[in-house]
Number of protein chains: 2
Amino acid sequence: MTAHGEGERDEAGQPADVPSGSGSPAESIAVPAARERARAIPEAAVARLAVYLRVLSGLEERGTGTVSSEELAAFAGVNSAKLRKDLSYIGSYGTRGVGYDVAVLIGQIERTLGLTKKHRVAVAGIGNLGHALANYGGFLNRGFPVAALFDLDPDLLDVPVGGIPVSSVDDIVEVCREREVTIGVIATPTEGAQDVCDRLVEGGVVCILNFAPVVLQVPEHVEVRKVDLAVEMQILSFHVARRNQEAMVVPGVAGTDAGPPGGGANGNGNSDSAPERGDVDGMVVRP
Amino acid sequence: MTAHGEGERDEAGQPADVPSGSGSPAESIAVPAARERARAIPEAAVARLAVYLRVLSGLEERGTGTVSSEELAAFAGVNSAKLRKDLSYIGSYGTRGVGYDVAVLIGQIERTLGLTKKHRVAVAGIGNLGHALANYGGFLNRGFPVAALFDLDPDLLDVPVGGIPVSSVDDIVEVCREREVTIGVIATPTEGAQDVCDRLVEGGVVCILNFAPVVLQVPEHVEVRKVDLAVEMQILSFHVARRNQEAMVVPGVAGTDAGPPGGGANGNGNSDSAPERGDVDGMVVRP
DNA sequence: AGATGTGAAGCATTTCACAGCT
DNA sequence: AGCTGTGAAATGCTTCACATCT
């Protein structure tokens, strides 16, 4: 996806014509230049950098000082060429003949991902999923302090969850502005999602992680990512079906000869880039 | 995502030589043919088909009989050319000059995704996230009945969650075989994930949805998808950082002139294909 | 007219393979 | 010798634009 160069990218970039300047269209530097905005790091690489970061943190804890691209790639489940290319986007921090200094690399990736600045997070929809997000201290806290929780249910109001009292969705705008929230997580059911989203945006949130199975409408300066469990399940279903079909063609192994045969182990990952996700029906937990 | 053509794909396909037939290597149709196994539908398209399906279900409920590619695309947040190409992978079920019959299309997408066969699901790790998954009836039930729950915590054993009693992780293999579970969801903390995964596989599970921030090692016949919230957050963080940087270059709009300006609304989606995900640290909820 | 289905062009990402530093 | 960093080739996905069918 779980992800990549999804179509709808704001292709247009900026309006072709200069907004204010009325005059002669002719020779300005303009038109093609609009497109030259170097998007630097490929979207797909950004997602992997986050993975490398986790692996590197683990290595650092275990006192490892340096790693080769080969080793790091193995831990992250990618191949080494891809890893080196990904790292090359953020600069040259390796030492030829040696490898990468773990601490240095961690620092550089954090810088690139903007993790030096702590982004305050608000979670809307304190059902099971919301609880899961708010409760586990170690989760969001590594750079993403949860600063506010919102729900409709009056029974939840002011009850602290993971140390933070739940506020009313009516106060989203106000609270988000006060606490300078920049990232919003929507864990509400489908119905409330767009409304909550609008409020978060009005409250100054610029990035949204959406668990509700709807395509949110947002102004273009807002970035949305979607996580849709039902879609993930359906993708898995597709692969089971495909596998079964293939098995049908090649008779060979039929029975339920259980157990991992050779025990071969391959790295894994979401084998794709899942742009939009949705689901057949409400899947998210209670408001 | 999310889901497709990730590098590590089992390139090799089937063994180059015909499994059984020993004889002369010479003129068989073989060698290049191995590679010709049409992988048919692009992984990225599969993820979107699931989204179209959700939208179509909504339309059907509201009694809509037909839709044009333009309309359907708008609801799904993609452009119509992409939608038509995606649908073309599963066959020609539209009517030129008219559009698509909603019911027919639903049927065809369900068939393609293998949703006609109900896949039984097991959830391991009944913390907040596990509860979220197990509880909400409407979630997995649309084609994915939850057939088993597993946890380490003795206090949870036999306590029914969403109608299903929790079993011990020690019984994973046995229970999964008995209940013919084909899809496993891992919502445990990092530590237990690989162990649980091994057991699920031994119990006959062929697809795994993994919420733990580790790259699971699995035999190659098993498909794994990963959902990693920390990675999602970090990707968002990256975008905030990039945006701020750009804003720095182009002085223009500085202040906190809140509120959605024009109110422009663009469809959204995960702007990329995130193959592997991971996270800086434990993020998943309690076991 | 109106909308689908699809070759072909256009981009993006991945992989190869090797020059170049330590 | 070993391993990084990176052009260039290969692959895959998206968008265009139009022939084709109703």
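No experiment lies behind these values; they were computed from the predicted model shown.
The residue among Asp86(A) and Val67(B) whose nearest nucleotide of DNA chain C lies closer to the 5′ end is Val67(B). With DNA chain D read from its 5' end, the first of the two nearest nucleotides for Gly97(A) and Ala81(A) is the one closest to Gly97(A).
Taking CG from Leu216(A) and CZ from Arg225(A), the interatomic distance works out to 13.5 Å, rounded to the nearest 0.5 Å. Note: Gln194(B) CD to Asn210(B) CG = 9.0 Å, rounded to the nearest 0.5 Å. Going from atom CZ of Arg84(A) over to atom CG of Asn79(A) covers 8.5 Å, rounded to the nearest 0.5 Å. Summarising the geometry, atom CG belonging to Asp86(B) is positioned 11.5 Å from atom OG belonging to Ser69(B); distances are rounded to the nearest 0.5 Å.
Between Ile90(B) atom CD1 and dT6(C) atom P there is a gap of 12 Å when expressed in whole angstrom units. Here the C1' atom of nucleotide dA3(C) and the OH atom of Tyr93(B) are 19 Å apart, to the nearest Å. The distance from atom CG of Leu87(B) to atom C1' of dC13(D) is 16 Å, rounded to the nearest whole Å. Atom NZ in Lys85(A) sits roughly 13 Å away from atom C1' in dC18(C) (whole-Å rounding).
Residue Arg48(A) places at least one side-chain N or O under 4.0 Å from the OP1 or OP2 atom of dT14(C). Residue Tyr100(B) places at least one side-chain N or O under 4.0 Å from the OP1 or OP2 atom of dG5(C). For dT15(C), one of the phosphate oxygens OP1 or OP2 lies less than 4.0 angstrom from a side-chain nitrogen or oxygen of Asn79(A). Not one side-chain nitrogen or oxygen of Arg84(B) sits closer than 4.0 Å to the OP1 or OP2 atom of dT15(D).
In the set dT6(D), dT15(C), dT6(C), dT15(C) carries the atom at the smallest distance from any side-chain atom of Lys82(A). Relative to the side chain of Arg96(A), the nucleotides dA8(C), dG5(C), dG2(D) differ in distance, and dG2(D) lies closest. The nucleotide whose nearest atom lies closest to any side-chain atom of Pro42(A) is, among dG5(C), dT13(C), dT14(D), dT13(C). You'll find that the side chain of Thr95(B) is closest to dT22(D), out of dT4(D), dT22(C), dT22(D). Checked against dT4(C), dA19(C), dC13(D), the side chain of Ser69(B) finds its nearest nucleotide in dT4(C).
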Are Ser68(B) and Glu71(B) close enough, and set up right, to give a side-chain contact (heavy atoms from CB on, under 4.5 Å), and what steps lead you there?
CA-CA 5 Å; Ser68(B) 67; Glu71(B) 296 168 317; 3.3 Å; yes
